[in-house]
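Here, residue 1 is the first one in the sequence, and each next residue gets the next number.
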Amino acid sequence: LIALSLLTTEVRAHIPIPPKKGEIGRRETNVAAPSFTLTNQVGKKFKYHADSGKFVLVTFVYTTCPDVCPLFSAHFAAIQRALEEEKRENYLLLSISTDPKRDTPAKMKTYAEAFKADFKHWQFLTGSQKDLSEVWKNFGVNVKDRGNGQIQHTNLTTLIDAKGVRRVDYYGDKWLVKEVLKD
């Protein structure tokens with residue numbers, strides 16, 4: 001019973017901030033994506049310009065998450081494999097940290113390697129609280145540090161077209177890899 005209660009506490013520790021009413025599942029949108037600069041998994045500045053000419057899929061995770069973040073990263077790994085099989089080059093996957101206190105570039109790199117990330121196409125980004133807060137705000141992601149390493153955040157994954165326009169927002173963890181690939 002003690003082990004079960006500890007497991008339950010750990011799993012429930014990451015309570016996603018619920019999306020606003022009407023924002024569960026897939027929602028088409030037509031909003032300009034923000035440009036930003038953060039630090040990638042090898043400690044280098046990474047500048048994202050919305051007009052990059054690439055399709056971009058962005059999600060928000062933290063490396064010690066016991067809940068949906070590993071699921072999102074596994075989905076990204078499957079998307080990366082599918083696009084590699086199709087010999088696609090014009091895409092970028094971005095996993096943005098919601099835990100600047102603990103997600104150092106080295107931790108992000110270790111996390112990325114667990115998902116066999118190809119850093120040519122998949123960046124794991126972190127930064128200062130200030131820099132990340134600005135990115136979260138610009139994407140409409142709410143983040144709350146609950147203490148003890150537990151981060152509550154909006155579960156948003158968004159698809160940006162080659163011209164820098166957010167086309168589809170996926171809220172929650174019910175989206176499917178095949179759905180994103182089709183979009």
statement: CG (Asp67) and SG (Cys69) are apart, to the nearest 0.5 Å, by 7.5 Å
- prompt: When clusters are formed by joining ILVMFWY residues with side-chain heavy atoms under 4.5 Å apart, either directly or through shared neighbours, do Val68 and Leu57 land in the same one?
  reply: yes
task: With the side chain counted from C-beta on, respond yes when Asn40 and Leu38 share a heavy-atom pair under 4.5 Å apart, and no when they do not.
output: no
- request: Would you name the heavy atoms of Gly53 and Asn90 that are closest together and state the gap between them?
  value: O-CB, 4.4 Å
task: Identify the heavy atoms of Ala50 and Ala33 that sit nearest to each other, and give their distance.
output: CB-O, 3.3 Å
task: Give a yes or no on whether Phe119 and Tyr111 share a hydrophobic cluster (residues Ile, Leu, Val, Met, Phe, Trp, Tyr; joining criterion: side-chain heavy atoms under 4.5 Å apart).
output: yes
field: Electrostatic pair Lys54-Glu89, nearest N-O below 4.0 angstrom
entry: no
field: Pairs meeting criterion side-chain hydrogen bond (donor to acceptor under 3.5 Å, both in side chains) with involvement of residues 77-86, two or more places apart
entry: none
query: Under a 4.5 Å cut-off applied to non-hydrogen side-chain atoms, are Leu93 and His121 in contact?
result: no
field: Asp131 side-chain N/O to Gly127 backbone N/O, donor-acceptor pair under 3.5 Å
entry: no
Let me have the donor-acceptor pairs involving side chains of residues 176-183, under 3.5 Å, with sequence neighbours excluded, atom names and distances please.
unit_1 : atom_1 : unit_2 : atom_2 : d
Glu179 : OE1    : Leu176 : N      : 3.3
Asp183 : OD1    : Arg26  : NH2    : 2.9
Asp183 : OD2    : Arg26  : NE     : 3.0
Asp183 : OD2    : Arg26  : NH2    : 3.4
Asp183 : OD2    : Tyr170 : OH     : 2.4

message: Any salt bridge linking Arg102 with Asp145? Criterion: basic side-chain nitrogen under 4.0 Å from a carboxylate oxygen.
response: yes
message: Measuring from atom CG of Asp103 to atom CG of Leu132, what distance do you get when rounded to the nearest 0.5 angstrom?
response: 9.0 Å
- request: Please test Lys107 against Lys109 for side chain to side chain contact (heavy atoms under 4.5 Å, CB included), starting from the C-alpha separation and ending with a verdict.
  value: CA-CA 5 Å; Lys107 271 191 150 178; Lys109 184 175 185 222; over 6 Å; no
- line: For Trp122, the side chain to side chain donor-acceptor pair (under 3.5 Å) test, sequence neighbours excluded, returns Ser95
query: So, Thr110 side chain and Ala106 main chain: donor-acceptor pair closer than 3.5 Å or not?
result: yes
- prompt: Sub-3.5 Å donor-acceptor pair from the side chain of Thr154 to the main-chain atoms of Asn142, do we have one?
  reply: yes
field: Flag side-chain contact, heavy atom, 4.5 Å: Leu156 against Asp169
entry: yes
message: If you apply the rule side chain to side chain contact (heavy atoms under 4.5 Å, CB included), what do you find for Lys144 with Ile151, and how did you get there?
response: CA-CA 6 Å; Lys144 292 180 186 171; Ile151 308 297; over 6 Å; no
task: Considering non-hydrogen atoms only, spot the tightest contact between Thr39 and Pro105 and give its length.
output: CG2-CG, 3.9 Å
message: Which heavy atom of Ser128 sits nearest to which heavy atom of Pro100, and what is that distance?
response: C-CB, 4.2 Å
task: With rounding to the nearest 0.5 Å, note down the distance linking OG1 in Thr59 to CG in Leu159.
output: 12.0 Å
CA sep, side-chain torsions, deciding dist, call: Val61, Thr63, side chain to side chain contact (heavy atoms under 4.5 Å, CB included): CA-CA 7 Å; Val61 300; Thr63 60; over 6 Å; no
Verdict with supporting geometry, Phe60 and Phe139, ring pair (Phe, Tyr, Trp, His ring centres under 6.0 Å): CA-CA 10 Å; Phe60 297 85; Phe139 278 98; 5.6 Å; yes
message: If I take atom CD1 from residue Ile160 and atom OG1 from residue Thr158, how far apart are they, to the nearest 0.5 angstrom?
response: 5.5 Å
query: Can you tell me how far the CZ atom of Phe46 sits from the CD atom of Gln41, to the nearest 0.5 Å?
result: 9.0 Å
field: is_close_aromatic(Phe55, Tyr91), centroid dist under 6.0 Å
entry: no
Side chain proximity check, Lys47 to Phe36, heavy atoms < 4.5 angstrom: no
query: Leu92, Ile96: one ILVMFWY side-chain cluster at the under-4.5 Å cut-off?
result: yes
query: How long is the span from the CG atom in Asp99 to the CE atom in Met108, to the nearest 0.5 Å?
result: 9.5 Å
message: One pair to check against ring pair (Phe, Tyr, Trp, His ring centres under 6.0 Å): Phe76 and Phe72. What are the steps and the verdict?
response: CA-CA 6 Å; Phe76 269 44; Phe72 296 154; 8.1 Å; no
Trace of the side chain to side chain contact (heavy atoms under 4.5 Å, CB included) decision for Asn155 with Tyr171: CA-CA 6 Å; Asn155 290 331; Tyr171 288 95; over 6 Å; no
